[in-house]
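Written below as structure tokens is the structure these notes are about.
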2 protein chains.
Amino acid sequence: MEQLYTVNQLAEELGITPRALRFYEVKGLLAPNRVGNNRVYTKRDRARLKLILRGKRLGFSLAEIREYLDLYNVDGGVEQQRNLLKRVQKRLKDLAQQREDLEATVRELKEIEVQVSTSLADRSPGKDA
Amino acid sequence: MEQLYTVNQLAEELGITPRALRFYEVKGLLAPNRVGNNRVYTKRDRARLKLILRGKRLGFSLAEIREYLDLYNVDGGVEQQRNLLKRVQKRLKDLAQQREDLEATVRELKEIEVQVSTSLADRSPGKDA
DNA sequence: CAGACCGTTGACGAAGACGTAAAGGGAAGC
DNA sequence: GCTTCCCTTTACGTCTTCGTCAACGGTCTG
């Protein structure tokens, strides 16, 4: 009933190499079950991997992504939770900074886009004629 | 009249090491003038460096940042400009993807924040009494 | 003129994130 | 039973991004 994957299947589906998958496992980001010696990935593993890849697209290191994944472990004692809350809020703050950088970059590129577009339009004023 | 900087000055002001500055130069991201053998950075160099650092905060490699900086060279023939326009639009598309990733992450973290907060509040229902 | 400070180049080192053979196990088909 | 295919581990290689000496040059100061 439940969808399962081998390394190669999951890797291909998400556009990475099996080597990367194994590497993430060594680094403690994934822990798929084994059948005999072979890795078997579940839907949960797949979801976790997608979080990993999203983290990479955001420019995080594997160590940072590891810490990020830990934030999904909401269980724990009061002290644990206080600690977790702090870490979550720190991440949110970092992401806010990143959003600012992102938007500033987008603004500038859009401005360039306009400049170049109009410059090109001025140079070849034939389309409207 | 114009503000100038040595490697050490500029590095300290922007919170990086002189070594990094020289490295960016080797990689073709910066090209400060020389007085004798010594590097002299202008305001323009400084601005360029700030773009570099912003790129790093967004998770780009130095090679990507190099290409990004090229996008600010708006001059050139028609063919150059068409090409530039394409590259700018490609970047904008990538950045849109990154924004989606960013916002998805923020949403999830905020949800976790709420969960943990309420969980903590439920456990110690004394503040309101 | 001897130190004390910048600043320079060059070389070596190191961590992160994999790529790439090398060598082998287990099942499936002919 | 042998080949083929998928998977495994181990190990070494590579590229990036600097950190860290080492050895040297110029300038200013006492």
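Letters A, B, ... are given to chains in the order of the sequence lines, protein chains preceding strands, and every chain is numbered from 1. Remember, it's a predicted structure, so these values are computed and weren't measured experimentally.
For A/Arg57, the salt bridge (charged side-chain N to carboxylate O under 4.0 Å, His left out) partners at least two apart in sequence or on another chain are B/Asp101. Considering only residues two or more places apart in sequence or on other chains, B/Glu100 meets the salt bridge (charged side-chain N to carboxylate O under 4.0 Å, His left out) condition with none of them. The salt bridge (charged side-chain N to carboxylate O under 4.0 Å, His left out) search around B/Arg19 returns none, not counting sequence neighbours. Listed by chain and number, the residues in a side chain to side chain contact (heavy atoms under 4.5 Å, CB included) with B/Glu108 are A/Leu51, A/Arg54, A/Tyr68, A/Tyr72 (sequence neighbours excluded). Applying the side chain to side chain contact (heavy atoms under 4.5 Å, CB included) test to A/Lys43 and every residue at least two apart in sequence or in another chain returns A/Glu2, A/Gln3, A/Tyr5.
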Would you tabulate the side-chain donor-acceptor contacts of residues 21-30 of chain A under 3.5 Å, counting partners in other chains and residues two or more places apart, or write 'none'?
unit_1	atom_1	unit_2	atom_2	d
A/Glu25	OE1	A/Arg39	NE	2.5
A/Glu25	OE2	A/Arg34	NH2	3.0

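Between the P atom of D/dC6 and the CD atom of A/Glu12 lies a distance of 11 Å, rounded to the nearest Å. B/Asn37 places its CG atom 14 Å from the C1' atom of D/dT27, with the value rounded to the nearest Å. Distance B/Ile65 CD1 to D/dT17 C1': 11 Å, rounded to the nearest Å. Per the geometry, CG belonging to A/Leu62 stands 18 Å off P belonging to D/dT16, to the nearest Å.
With DNA chain C read from its 5' end, the first of the two nearest nucleotides for A/Ala63 and B/Val40 is the one closest to B/Val40. Along DNA chain D, the nucleotide nearest B/Asn38 and the nucleotide nearest B/Phe60 are compared for position; the residue whose nucleotide lies closer to the 5' end is B/Phe60.
Of all non-hydrogen atoms in A/Leu58 and A/Gln98, the two that sit nearest each other are O-NE2, 3.0 Å. Closest heavy-atom contact between B/Thr17 and B/Ala11: C-CB, 3.7 Å.
Using a 4.0 Å cut-off on heavy atoms, the residues of residues 21-36 of chain A that approach DNA chain C are A/Phe23, A/Tyr24, listed by number.
Annotation for A/Val35: hydrophobic cluster partners, listed by chain and number, are A/Leu4, A/Val40 (ILVMFWY side-chain heavy atoms under 4.5 Å, direct or chained).
For B/Val7, taking side-chain heavy atoms from C-beta onward, the closest of the listed nucleotides D/dT9, C/dC18, C/dT8 is C/dT8.
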Restricting to nitrogen or oxygen on both sides, can you table the protein-nucleotides 19-23 of chain D pairs closer than 3.5 Å?
unit_1	atom_1	unit_2	atom_2	d
D/dG19	OP2	B/Thr17	OG1	2.6
D/dG19	N7	B/Arg19	NE	3.1
D/dG19	O6	B/Arg19	NH2	2.9
D/dT20	O4	B/Arg19	NE	3.1

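Between A/Lys56 and the phosphate of C/dC18, there is a side-chain N or O to OP1/OP2 separation shorter than 4.0 Å.
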